[in-house]
S.K.: 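Structure provided below as C-alpha cells; questions to follow.
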Amino acid sequence: MEQHEHVIERYERAWILFGLAMITVFIILIGYMMLTMGNTNPVSAARIDATKVRTEGDFANPRVEQVGNEYVAYVQAFSFGYLPMEMKFKAGQKVTFYITSPDVQHGFKVENTNINVQVIPGEVAKVSYTFKKPGEYNLICNEYCGIGHANMVSKIVVEP
Ligand SMILES: [Cu+2]
C-alpha cells in the first residue's frame, strides 16, 4: 500500500478530466446550436406594471398582428388561460411573441417546439419562432400558478 502521497487519486484525476472534457464538448455544442438552429432563448424585453396589463397598452388588446412577412403576437398569460384565445399563423413565417402576466407567474410552453418561456408579472418576455409544420400546437402552462394550473391550456393553429 502506498502512503498518502496523492491528494487526488490517479483514477479520480482521470475521471475529473473526463468530466471537464465532456462539459467542454457540451458548451461548444450549445454555442453551435444557438448559432445554427434558431435561437429561441426568451429574453426580457421590457418592464411593465402588472396591475395595468388588462387596462393599458398592447396587452390590454391581446392580438396577433401581421407585419410584412412576420407576425407579432401580444399575449396575456393569466390565471387560468391565454389571450388572445385564438392564435393563427402561417407556416414558414417568423412569429415574435411578447408575453406578460397580469397576476402570477405562468409558463408558455408550445408542445413539439422549443418555445418554453417563464412569464413573470412585471416583465415582458420576448421569444421568436418560425413554425415549419402546419397543424395544431398545444400551448400549456408549465409553471405552477394556482388551483386552475392543470387546466391552463390553449392552442396555436399553424396554417399551410
Ligand atoms: Cu398558469
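Just follow the structure's listing: the first ligand is 1, and inside any ligand the first atom is 1.
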S.K.: For residues 126-140, dump all side-chain donor-acceptor pairs below 3.5 Å to protein atoms at least two apart in sequence or in another chain.
M.R.:
from : atom 1 : to   : atom 2 : distance (Å)
S128 : OG     : T96  : OG1    : 3.0
Y137 : OH     : K133 : O      : 2.6
N138 : ND2    : E111 : OE1    : 3.1

S.K.: Which donor-acceptor pairs under 3.5 Å do the side chains of residues 114-124 make with protein atoms, sequence neighbours left out?
M.R.:
from : atom 1 : to   : atom 2 : distance (Å)
N114 : OD1    : T40  : OG1    : 3.3
N114 : ND2    : T40  : OG1    : 3.2
N116 : OD1    : N142 : ND2    : 2.9
Q118 : NE2    : Q105 : OE1    : 2.6
E123 : OE1    : S44  : OG     : 2.8

S.K.: Between D103 and S79, is there a side-chain heavy-atom distance shorter than 4.5 Å?
M.R.: yes
S.K.: Listing residue and atom name, which protein N/O/S atoms are closer to the Cu ion (ligand 1) than 2.8 Å?
M.R.: H106 ND1, C141 SG, C145 SG, M152 SD
S.K.: Under the ring-ring contact (aromatic ring centres under 6.0 Å, His included) rule, what pairs show up with a residue in residues 44-73, not counting sequence neighbours?
M.R.: F59-Y74, Y71-F89
S.K.: Are more than 12 heavy atoms from other residues, nucleotides or ligands located less than 6.0 Å from atom CD1 of I147?
M.R.: no
S.K.: Write down the atom of S154, the atom of Y82, and the distance for their closest heavy-atom approach.
M.R.: CB-CD1, 3.7 Å
